[in-house]
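For reference, the structure is listed below as structure tokens.
Lettering of chains follows the sequences in order, A, B, ..., and the numbering in each one begins at 1. Below, all heavy atoms of this structure are taken into account, side chains as well, without hydrogens, waters or symmetry copies. Bear in mind the structure is a predicted one, so any value in this text is a computation, not a measurement.
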Number of protein chains: 2
Amino acid sequence: MATGRNHRPATRSRGIPEATVARLPLYLRALTALSERSVPTVSSEELAVAAGVNSAKLRKDFSYLGSYGTRGVGYDVEYLVYQISRELGLTQDWPVVIVGIGNLGAALANYGGFASRGFRVAALIDADPEMAGKPVAGIPVQHADQLEKIISDNGVSIGVISTPAGAAQQVCERLIAAGVTSILNFAPTVLSVPDGVDVRKVDLSIELQILAFHEQRKAGEEAEAAAGRKGPDGDMPAVMPA
Amino acid sequence: MATGRNHRPATRSRGIPEATVARLPLYLRALTALSERSVPTVSSEELAVAAGVNSAKLRKDFSYLGSYGTRGVGYDVEYLVYQISRELGLTQDWPVVIVGIGNLGAALANYGGFASRGFRVAALIDADPEMAGKPVAGIPVQHADQLEKIISDNGVSIGVISTPAGAAQQVCERLIAAGVTSILNFAPTVLSVPDGVDVRKVDLSIELQILAFHEQRKAGEEAEAAAGRKGPDGDMPAVMPA
DNA sequence: CCGTCTTTGTGCACGCGTTCACAAAGACAT
DNA sequence: ATGTCTTTGTGAACGCGTGCACAAAGACGG
Ligand SMILES: NC(=O)c1ccc[n+]([C@@H]2O[C@H](COP(=O)([O-])OP(=O)(O)OC[C@H]3O[C@@H](n4cnc5c(N)ncnc54)[C@H](O)[C@@H]3O)[C@@H](O)[C@H]2O)c1
Ligand SMILES: NC(=O)c1ccc[n+]([C@@H]2O[C@H](COP(=O)([O-])OP(=O)(O)OC[C@H]3O[C@@H](n4cnc5c(N)ncnc54)[C@H](O)[C@@H]3O)[C@@H](O)[C@H]2O)c1
């Protein structure tokens, strides 16, 4: 068990690289699993395997948070869970609204992993008058007219957009005008937002297209290898379209 | 109108940077919108704005595909749509299976944008015997027992996993054993796969945590600015947890 | 108290991605 | 044909992220 604990409290707290921030949730998930199994400490190597990253990268990532490890032993699981949670801002409660309660919005509303990390669905909002009042995942859907009031009454700063693409920019602008400063966008559109507002997007279609690219490349290489060709240009010639 | 068209057919076809590949679908979406409005040509600057990227980056990205632009004019929209589609492998049909038809899986099955780009939902698969035969989005759900047969009968190489996290690794292994070489994973787990298999993940929870981090940072900076502090360390002291 | 052995924290080098800035290409008018 | 004007394609510089490799820290046994 680790005894020495004169850890310095994270200098450089304002300089965590974006790539590191994006991995912290991954580490947190792996650590939470260890915590539930009552594992007291974990080495960078073990944790790296669990999170699917390089162990040197993991150690460097943690070094941005401060020196929380013990040489020869590893990292205290509970302590690290706490530190990462605090760094990510998960020790506080984040009310979120979901706008556009269709197929996807309803699935998101029903998603359990939402609430598990300090995120609380404060409201579900849809423009369809038919939906108003109907409960989805135990929460009554409210009409889009109420958007501004809901945001300000609940102090919402994070909004999720799952409306059709055509409505997304407009919804985005209303959210921002009402005080939202972080947006998670599921609609396949580029949202333009003022400085100071963060947007992250999730786009199924893009992910599939990236997979298709690699899939095609694999098939091409395979065919090339099978034919035992010499020339590196295995492409079909680029014929002009009609 | 562009007349000269002695475009060389993409040398370097085996060297497209990953970052570029990830942006091609974005360009394609913007170009498709232009195409629908019958816009004949577009400059790198205009297209860059539509896609939300830097115009120099866009030109460099396109340069990896070949010289498809015309100086002084821009790019031919239709031609570029075709070239990017071809490069991404969207000129062929990609049958995909979705495994785990719960809230999310059903939403994915209902998603129209799926089919729009050459992706065809070949089958919906779930382990729950209750669901077998029930149609979701017009496609009858099949039992997980049939997984291997479905994959091989349809020549499926892309699989989507939307099962609970606990089942994901096992489903992943079965998919791969049956011949799938690209996986889109919605379950919050790290999937371990052999070389040659591509995995992309979509994780709502991670995206929200990243947003929360920046949100907290904004709030901290604001408070600091308001208090007019000197010291750069605006953090609460790192107190040891109980 | 000292030696050994494990594991962290990080200096360093390298490669990828981004962006600037500009020469050259080519359309278009005269 | 020649000049002008727009826009591409890319060389070059820079910064960020990654991973190696190792010195130092510290636990633990004797
Ligand atoms: N379903 C999926 O799996 C999936 C996957 C990826 C992306 N998407 C994207 O997510 C979005 C939603 O998809 P979906 O399948 O749930 O569509 P959907 O049509 O089922 O739902 C859209 C909902 O948004 C509501 N809406 C429309 N305009 C609105 C506005 N101005 N304000 C508030 N609500 C409004 C509609 O009433 C409807 O309930 C789309 O942009 C889609 O492209 C969906
Ligand atoms: N719902 C969301 O918005 C959302 C968002 C992000 C991530 N996720 C993740 O996506 C996954 C699915 O979420 P959900 O809300 O649809 O859950 P869900 O419980 O509604 O659906 C899971 C489905 O998977 C099926 N299943 C279980 N084991 C299986 C197996 N071995 N083979 C085939 N099918 C199996 C179940 O029968 C069920 O129908 C979860 O891992 C969840 O964490 C969901």
Checklist entry - So does A/Q92 have more than 12 non-hydrogen atoms from other groups sitting under 6.0 Å from CD? => result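 Yes, because the 6.0 Å sphere around CD of A/Q92 holds more than 12 heavy atoms from other groups.
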
Next on the checklist: Go through it in stages, so that I can follow the logic: the residues are B/E87 and B/Q83, the test is side chain to side chain donor-acceptor pair (under 3.5 Å), and I'd like the CA-CA distance, side-chain angles, deciding distance and then a yes or no.
Outcome noted: CA-CA 6 Å; B/E87 200 65 55; B/Q83 288 298 342; over 6 Å; no

Item to check | Contact check, side chains of A/K201 and A/T189, non-hydrogen atoms, under 4.5 Å | outcome: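 No; the side chains remain at least 4.5 Å from each other.
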
Checklist entry - Tell me: CG of B/L47 to C1' of D/dT7, nearest whole Å? => result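 So the CG-C1' distance, B/L47 to D/dT7, works out to 14 Å.
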
Checklist outcome for this item: Once base and sugar-phosphate atoms are separated, protein heavy atoms under 4.0 Å mark nucleotides 14-22 of chain D, 5' to 3', with B, S and - as ---SSBBB-

Next on the checklist: If we ignore hydrogens and angles and just use 3.5 Å, is the side chain of A/S85 paired with the main-chain N or O of A/T91 as donor and acceptor?
Outcome noted: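 Not a single qualifying donor-acceptor pair exists.
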
Next on the checklist: Tell me whether B/S35 contacts the main-chain N or O of B/L31 through its side chain, where contact means a donor paired with an acceptor under 3.5 Å.
Outcome noted: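 Side chain of B/S35 to backbone of B/L31: no pair is present.
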
Checklist entry - Within the structure shown, what part of the strands sits under 4.0 Å from B/Y75 by heavy-atom distance: base, sugar-phosphate, or nothing? => result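 If one applies the 4.0 Å heavy-atom cut-off, B/Y75 turns out to touch the sugar-phosphate alone, with no base involved.
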
Item to check | Donor-acceptor pair (no angle test) under 3.5 Å: A/R71 side chain, D/dA27 base | outcome: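 Per atom types, no contact qualifies.
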
Checklist entry - When you measure from the side chain of A/S43, which nucleotide among C/dT8, D/dT10, D/dT7 comes out closest? => result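 Selected nucleotide (nearest to the side chain): C/dT8.
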
Checklist entry - Reckon A/S44 has a side-chain N or O less than 4.0 Å from the OP1 or OP2 of C/dT8? => result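 So the side-chain polar atoms of A/S44 do come within 4.0 Å of the phosphate oxygens OP1 or OP2 of C/dT8, strictly under.
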
Item to check | Whether A/Y79 and A/Y82 hold their rings parallel, tilted or perpendicular, with breakpoints at 30° and 60° | outcome: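 Ring orientation of A/Y79 relative to A/Y82: parallel.
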
